[in-house]
Amino acid sequence: MPKVVVVYLSTSGNTKAMAEAIVEGAKSRNAEAEAFNFHEAKLDHIKSADAIAIGSSTFHYKILPPMEKFIDNLKDANVSGKPGAAFGSYGWSGEAPGLIAEKMREIGIKVIDPVLRVQYAPAEKDLEEAKRLGKDLAEKVKKNLKK
Ligand SMILES: Cc1cc2nc3c(=O)[nH]c(=O)nc-3n(C[C@H](O)[C@H](O)[C@H](O)COP(=O)(O)O)c2cc1C
């Protein structure tokens, strides 16, 4: 079964809710999917994934350094060529998802365009979009596995 791994940094639960909706979307397309807080995510979780979604809220116009480091370390997790997605909740400027996508692309992940950004708490329609992203990731993996 294709496997989608979602890793997030979320301080008040907004980005976490998006992560959970991505998981739900991927599962609805018969993929195995799981979301991890980035503190708990191990390189082995990523290595076993066919697709990776990474999300963070924006802080001081950036991503927090530990998340930045986490993404940089993924270059050792055999991620090149895999489909991916970047997402996150934000308040007023919302740079994090774009910065995450840039870092993911540097290590060869094929990030779906556009990134998914939601202002503050996701509304029902935002969660639907996040589910859509999870479905798209699952479908991309299935296509890759058929090749
Ligand atoms: C200390 C602090 C700094 C923040 N800096 C930014 C910022 O530079 N740009 C922005 O768009 N939002 C900023 N925010 C807003 C958060 O990104 C926003 O509240 C988001 O919904 C939090 O999502 P989370 O619950 O997933 O962490 C900041 C919030 C805090 C607490």
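None of these values were measured; they are calculated from a predicted model. First listed ligand is number 1; within each ligand, the first listed atom is number 1.
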Seminar exercise, completed: Excluding L145, membership of its hydrophobic cluster (Ile, Leu, Val, Met, Phe, Trp, Tyr; side-chain heavy atoms within less than 4.5 Å) reads V141

Sequence neighbours left out, cut at 3.5 Å: what donor-acceptor pairs do the side chains of residues 15-31 make with other protein atoms?
residue : atom : partner : partner atom : Å
T15     : OG1  : S89     : N            : 3.2
S28     : OG   : G25     : O            : 2.7
R29     : NE   : E139    : OE2          : 3.0

Exercise. For R105, which residues count as a side-chain hydrogen bond (donor to acceptor under 3.5 Å, both in side chains) partner, sequence neighbours excluded?
Worked result: none

For this session: May I ask you to decide if the ring planes of W92 and Y120 are parallel, tilted or perpendicular, using 30° and 60° as cut-offs?
Result: tilted

Exercise. Do the charged groups of E129 and R132 touch, with an N to O distance under 4.0 Å?
Worked result: no

Exercise. Under a 4.0 Å N-O cut-off, is there an ion pair linking K103 with D72?
Worked result: yes

Exercise. Under a 4.0 Å heavy-atom cut-off, which residues neighbour ligand 1?
Worked result: S10, T11, S12, G13, N14, T15, S57, T58, F59, H60, Y61, S89, Y90, G91, W92, S93, G94, Y120

